[in-house]
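In this text the structure is predicted, and so the values were computed from the model without any measurement.
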2 protein chains.
Amino acid sequence: MKLEKRTRSYNDACGTAHALDLIGERWALLVIRELMLGPKRFSDLKADLPGISANVLTQRLEGLEATGLVRRRRLPPPGVAQVYELTDWGYEAEPIVQALGRWATRSPAHDPRLPLSATSLMLSFRTMQAPERVAGLAATIGFRIGDQHLVARIADGRVHTERGDPDGADLILTGAAEAIAALVYGHVPLEALTAAGALTAEGDTALAATFATLFPLPPKVGSESVAQ
Amino acid sequence: MKLEKRTRSYNDACGTAHALDLIGERWALLVIRELMLGPKRFSDLKADLPGISANVLTQRLEGLEATGLVRRRRLPPPGVAQVYELTDWGYEAEPIVQALGRWATRSPAHDPRLPLSATSLMLSFRTMQAPERVAGLAATIGFRIGDQHLVARIADGRVHTERGDPDGADLILTGAAEAIAALVYGHVPLEALTAAGALTAEGDTALAATFATLFPLPPKVGSESVAQ
DNA sequence: CGGCATCCGGGAAGATACTG
DNA sequence: CAGTATCTTCCCGGATGCCG
């Protein structure tokens, strides 16, 4: 284990270029994305980042820790596990994640049916919500995705998402993130997903249809923009 | 010339991940940044991107053209040159460039005295302007940076930047982008820069000091955020 | 000169196996 | 569970050279 010389830099005073020096390496921003809802353990990060290898994840975490975006913390006695969490500055990267996400959904090549992590799904709710559709609504929807428990709270004209106990929510959806994405973004009816065994719904199942209207996708890039 | 198999993908339905599939390769976003103010020729791109090699620039332009972000256009007869320009969708990436730039200026490692392109400087004015400081002002500042002519128009509570003829501006600054950055972000007085021969000012030179107050940098990340 | 293709060396990423 | 070690592959960066 030798001291690394610093990663090759763009050597550019432009803030954008410096940002790429910090988080431009492959996987770096997706690691940050996965920590956006709170601390995670190494193995959870690895499981939620389809395709990353252990050594690359180790390198990214080391790098992000060195630049002050990620902090390593040992959990209190009950569990011996250690977790990685974003620093305040790390959390401030959320607008970047959102700007990228919003922009890329216009891509003709974007396939919303690919694998999806629970964190990505929750962040997409933050990004894609349409204020004029959310206005006046009040509800709480709980999610059980694998062993992750999450909540979307609709209030004050905004959809708030966070980790939390789904119990007591008006509607609780249990299933894979991809199935919930099919409901919200693919506009597959809840009944079709429950019938297929992809999703389980408890509570106010009619709420699901309303929820699915809150996150309209921007129009795909049309031929007028791409053709020469 | 064989058909390339498409670049390795994150294979993730998350919009952020797809954005990285599109513009996550090294240099890609900086190429887009350099085209943000309008079309450029290959050699201008190469000159304005310190450190990029010709073959990598070729690859990036091919890739960006294939994804529909960049268009290649042959200029009308007077010049045989061809230029690269962003598509509408490509221009829509500006919020990404801005989010990255704004976020990265908080980095302790950010050195604003590194080389800087004229385009980066103009975009930084868009990004970093403080509306409460711009309010009520009206002025036009012209820039001659190398052979590039640019204008910043202060009106309607906003700073607008674009390519344009500096003649007739209230103040015209001639010099390297780094010198103008020293004025605006380094708060080096205009007199010091003109005395050193780094900058030439014509017109309302007092305007320079006002202009330099319009773009406050956010506070650097402090020890409270980085320390464990 | 502008716009590439080609070859090469170094280094980062990916896959797998292995260890405390 | 949380990484390390090793090997292979591929990308990046630099140099050169071709061709209009």
Q: Only pairs at least two apart or in different chains count here, so list each side-chain hydrogen bond (donor to acceptor under 3.5 Å, both in side chains) that has a residue in residues 46-55 of chain A.
A: A:K40-A:D48, A:S53-A:N55

Q: Can you list every pair that meets ring pair (Phe, Tyr, Trp, His ring centres under 6.0 Å) and has a residue in residues 26-64 of chain B, with sequence neighbours left out?
A: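 Passing the test, one end in residues 26-64 of chain B: A:Y10-B:W27.
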
Q: So, applying side chain to side chain donor-acceptor pair (under 3.5 Å) with A:Y84, which one of A:R72, A:E65, A:E34 is it?
A: A:R72

Q: Phosphate oxygens OP1/OP2 of D:dG3: is one of them under 4.0 Å from a side-chain N or O of A:R60?
A: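 It does not, given that no N or O in the side chain of A:R60 lies less than 4.0 Å from OP1 or OP2 of D:dG3.
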
Q: Which residues pass the side chain to side chain contact (heavy atoms under 4.5 Å, CB included) test with B:A152, not counting sequence neighbours?
A: B:F143, B:V159, B:T161, B:F211

Q: Given C:dG3, D:dG13, D:dT4, which nucleotide is nearest the side-chain atoms of B:Q82?
A: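 Shortest atom-to-atom distance from the side chain points to C:dG3.
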
Q: Output the rounded distance in Å from CG (A:L29) to P (C:dA13).
A: 14 Å

Q: Report yes or no: does A:W89 contribute a side-chain atom to a donor-acceptor pair with the main-chain N or O of B:K220 at less than 3.5 Å?
A: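 No, A:W89 side chain to B:K220 backbone: no donor-acceptor pair under 3.5 Å.
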
Q: Can you list everything that forms a side chain to side chain contact (heavy atoms under 4.5 Å, CB included) with B:E94? Sequence neighbours excluded, please.
A: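 B:M36, B:Q98, B:L123, B:R126.
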
Q: Using whole Å, what does the distance between atom C1' of nucleotide D:dT4 and atom CD1 of A:I52 come to?
A: 15 Å

Q: Among C:dA13, D:dT4, D:dC12, which nucleotide sits nearest the side chain of A:E62?
A: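 For the A:E62 side chain, the nearest candidate turns out to be D:dT4.
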
Q: Using 4.0 Å as the upper bound for N to carboxylate O, is an ion pair formed by A:E92 and B:R106?
A: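 Result for this pair is yes, salt bridge flagged.
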
Q: To the nearest 10°, let me know how far the axis at one end of the helix from C:dC1-D:dG20 to C:dG20-D:dC1 is tilted from the axis at the other, five pairs an end.
A: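 That helix gives 30° between its end axes.
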
Q: Using whole Å, report how far CG of A:L20 lies from P of C:dA12.
A: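 From A:L20 CG to C:dA12 P: 17 Å.
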
Q: Does B:T119 form a side chain to side chain donor-acceptor pair (under 3.5 Å) with B:R33? I'd like the steps, not just the answer.
A: CA-CA 8 Å; B:T119 300; B:R33 179 196 74 188; over 6 Å; no

Q: If you check every side-chain atom of A:N55, which of D:dA5, D:dG3, D:dG13 has the closest atom?
A: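 Looking only at heavy atoms from C-beta outward on A:N55, the closest nucleotide is D:dA5.
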
Q: Separation of B:L57 atom CG from D:dA15 atom P, in whole Å?
A: 16 Å

Q: From the options C:dA12, D:dG3, C:dC4, select the nucleotide whose nearest atom is closest to the side chain of A:R8.
A: C:dA12

Q: Ignoring backbone atoms, establish whether A:Y84 has a side-chain N or O less than 4.0 Å from OP1 or OP2 of D:dG3.
A: yes

Q: Just the rounded figure in Å: distance from C1' of D:dC11 to CH2 of A:W27.
A: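 Answer to the nearest Å: 16 Å.
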
Q: Of the nucleotides D:dT4, D:dG13, C:dA15, which has the atom closest to the B:S53 side chain?
A: D:dG13

Q: Would you mind checking if B:R71 and B:D88 are paired as a salt bridge, meaning a charged N to carboxylate O distance below 4.0 Å?
A: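 Salt bridge between B:D88 and B:R71, a charged N being under 4.0 Å from a carboxylate O: no.
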
Q: Figure out the CG/C1' separation between A:D147 and D:dC1, and round it to whole Å.
A: 14 Å

Q: Tell me whether the OP1 or OP2 atom of C:dG14 has a side-chain N or O from A:R26 closer than 4.0 Å.
A: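 Answer yes for this pair, as a side-chain N or O of A:R26 is under 4.0 Å from OP1 or OP2.
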
Q: Can you tell me how far C1' of C:dA12 sits from CD of B:E25, to the nearest Å?
A: 14 Å

Q: For B:H18 and B:A13, indicate whether the former's side chain and the latter's backbone hold a donor-acceptor pair under 3.5 Å.
A: no

Q: Is the phosphate of C:dA12, meaning OP1 or OP2, less than 4.0 Å from a side-chain N or O of A:Q59?
A: no

Q: Check DNA chain D against residues 39-49 of chain A and give the residues with a non-hydrogen atom under 4.0 Å, in numerical order.
A: A:R41, A:F42, A:S43

